[in-house]
Structures are given as C-alpha cells and as structure tokens.
Amino acid sequence: MNSRSKRLIRSIFYIHRSSSMFLLYEYDIFWTFLIISNAILILAFLIFGVLVPIRKGPKKLSSYESGIEPMGDACLQFRIRYYMFALVFIVFDVETVFLYPWAMSFNVLGVPVFIEAFIFVLILIVGSFYAWRKGALEWS
C-alpha cells in the first residue's frame, strides 16, 4: 500500500469516527431515556406476571357495574350515526387546531400560505358537502 491510499483510508475512517461520535453525543440523552423507559416497562410487566394470581370463575368473568348485578349483555351495539357525528366533529376540531396558528401568524407568512390554507378549507368544505349529500349528517 502506498502512502496515498493509506491517507485515503485514514481520512475515511476519521470522517466515519467523527460523524458517529457526533451522533452519539447529539442523541445520548434520547437513547438513555428510551432504554430506561423500555426497561421499566418490561420490568413492570414481568413483576405483574409473576406476582398476580390468576383466578377464573363466573364472578371474575362477569362485567362490573359498580357492585350492582349486571343485567343483560355487556356488549351493546350503538348506531353508526353516533360514530359519524363524532368523526365529523373530530375533522372540524382538527381543522380548527391547524387553522389557529396560521391565523395568528397571517401577517408574517404571506400570500402563499393563505392560498394553502384556502385550499385546505376548500377540501374540508367539499368533504362536508359530500357527507351532507350522502345523508351522513341526517339523524333519522
């Protein structure tokens, strides 16, 4: 090996070593937190599995209703309308969450962000008209 190839190999390993050291020093708190939190979680599940007795019986398998004897089946079917209204509420609630910071910094962001927000609101309006036409917002 000549000196030029040795210098090239040495520079490659030097760059690799310095970049890996940079990454380790940059994220060591994150990795430490991640490892410790996962260790605590695994330890809690192991202790729970060892210490808790397993008892099965009709009382244990019945649904709990604040000390009152349960009446009927615990699994009730809800109408899909409840879920549709909840979904529409969540969509417009998330819309508000996204539009509030935009409205607070409208003067700084300028016209391109106004156009993006207008397109965002337009898509939501078209979606709500579609849901209205399909009868998703009818309670009957």
What side-chain donor-acceptor pairs closer than 3.5 Å can you find for residues 114-131, not counting sequence neighbours?
residue: Ser128; atom: OG; partner: Leu124; partner atom: O; Å: 3.3
residue: Ser128; atom: OG; partner: Ile125; partner atom: O; Å: 2.8

Between CD1 on residue Ile47 and CZ on residue Phe45, distance to nearest 0.5 Å: 12.0 Å

Less than 3.5 Å apart, which donor and acceptor atoms pair up between the side chains of residues 85-97 and the rest of the protein, not counting sequence neighbours?
residue: Thr96; atom: OG1; partner: Phe92; partner atom: O; Å: 3.0

Close aromatic pair by centroid cut-off 6.0 Å: Trp102 and Phe98: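 Not under 6.0 Å, so no.
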
